[in-house]
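A short worksheet on the structure shown next.
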Amino acid sequence: MRIDIITIFPDYFAPLELSLIGKARAAGILDIRLHDLRSWTRDRHNTVDDTPYGGGPGMVMKPQPWGEALDAVAGGAGAPPRLVLPTPSGTPFTQERAKRLSDEPWLVFACGRYEGIDARVVADAERRMPVEELSIGDYVLAGGESATLVIVETVSRLLPGVLGNAESAVQDSFAAGAMEHLLEGPVYTKPAHWRDQEVPPVLLSGDHGAVDRWRRHEALRKTARNRPELLRELAARRLHELERSD
Ligand SMILES: Nc1ccc2ncsc2c1
């Protein structure tokens, strides 16, 4: 997979040289390219923003640098990339959406700042490529860079060869499988006794069936406490499956 990231803060993406993603880049599994949006500005101050039409607070990112950046990065011959625009007003980014993005051969991320990017940039891009506006949650960030890091990490770890055998076997909280859609319960490692706390005896019992039951019970408890709506969705899904099988 090729990933292009257009941003005014290329250094923000230094973490993509580390760990699993850094190794995947070195192995040629991932081709991540960073582009400084200011390279496409025309004034001596490298201006990328201006005041919003219609008034209001903050600044809006100008269309001209973005239009020319997307022309240069995504405008070549051949199949266009999918443009991913992280924005608080986007559709929710989920593991399911990450799986779909991981099937794409080429993604381009447009990292907006300030109050956002002039809307004509997306309208212009949609004439040449699919565009996906994604939100990673309902809170205030300074821009799209941290969201892009989250999306790139989530998508990249799904690519063949990125995770080692050990990691890929891990049942992440939201991965498909026996605990699908449940949160992970507590985990333990050596020593069995630490600061007057014991590891739950069932985990030392060697009874794999009992361990599985205990883990599912703890996952249900954690989900009921922290994300009760996931349990309601799980119950509704199971009821739907039962009704279909009747
Ligand atoms: N403030 C904010 C919240 C969510 C989000 N997702 C992608 S960019 C962004 C920015």
Side-chain angles (χ1 to χ4, degrees), residues 1-18 20-21 30 32-40 48-63 65-67 69-70 73-74 80-104 106-126 129-159 172-175 181 183 226-227 229-230:
M1 178 186 282
R2 174 180 168 179
I3 295 177
D4 288 86
I5 301 172
I6 305 171
T7 171
I8 58 173
F9 294 117
D11 293 348
Y12 207 101
F13 295 96
L16 295 181
E17 292 164 15
L18 306 173
L20 287 173
I21 293 181
L30 266 176
I32 298 180
R33 307 177 193 188
L34 300 177
H35 309 274
D36 187 338
L37 178 67
R38 296 190 194 276
S39 307
W40 288 277
V48 293
D49 64 329
D50 204 333
T51 53
Y53 276 122
M59 301 288 272
V60 173
M61 298 192 95
K62 294 161 56 71
W66 276 110
L70 288 170
V73 171
R82 175 172 291 268
L83 177 62
V84 177
L85 198 151
T87 170
S89 58
T91 53
F93 177 61
T94 63
Q95 190 68 19
E96 280 312 304
R97 201 168 281 268
K99 284 180 195 160
R100 291 220 308 269
L101 288 177
S102 70
D103 292 332
E104 296 284 340
W106 182 16
L107 299 176
V108 173
F109 286 83
C111 298
R113 284 254 145 185
Y114 311 108
E115 298 309 308
I117 302 173
D118 185 297
R120 291 168 292 182
V121 172
V122 167
D124 177 62
E126 282 175 334
M129 67 192 91
V131 180
E132 199 156 338
E133 296 182 279
L134 294 177
S135 169
I136 63 166
D138 297 331
Y139 33 74
V140 182
L141 295 174
E145 281 79 7
S146 40
T148 297
L149 279 173
V150 166
I151 297 168
V152 167
E153 176 170 334
T154 307
V155 171
S156 297
R157 66 186 297 281
L158 296 173
L159 298 175
D172 290 355
S173 284
F174 291 87
H181 300 294
L183 302 182
N226 294 348
R227 295 289 300 277
E229 80 282 3
L230 292 181

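Just so you know, ligand 1 is whichever comes first in the structure, and atom 1 is the first atom listed for that ligand. Basis for what follows: all heavy atoms, side chains included, without hydrogens, waters or symmetry-related copies.
The closest side-chain heavy-atom distance from I6 to H35 is below 4.5 Å. When side chains are defined from C-beta on, L30 does not count as touching V152, because their heavy atoms never get closer than 4.5 Å. Side-chain atoms of V155 and S102, non-hydrogen and from C-beta on, do get closer than 4.5 Å to each other. Looking only at side-chain heavy atoms (C-beta outward), T7 and Y12 stay at 4.5 Å or farther from each other.
The side chain to side chain contact (heavy atoms under 4.5 Å, CB included) check on N226 picks up L183, K222, with sequence neighbours excluded.
Closest heavy-atom contact between Y139 and I136: OH-O, 2.9 Å.
Protein neighbours of ligand 1 below 4.0 Å, counting non-hydrogen atoms: P86, T87, P88, L134, S135, I136, G137, Y139, V140, L141, A147.
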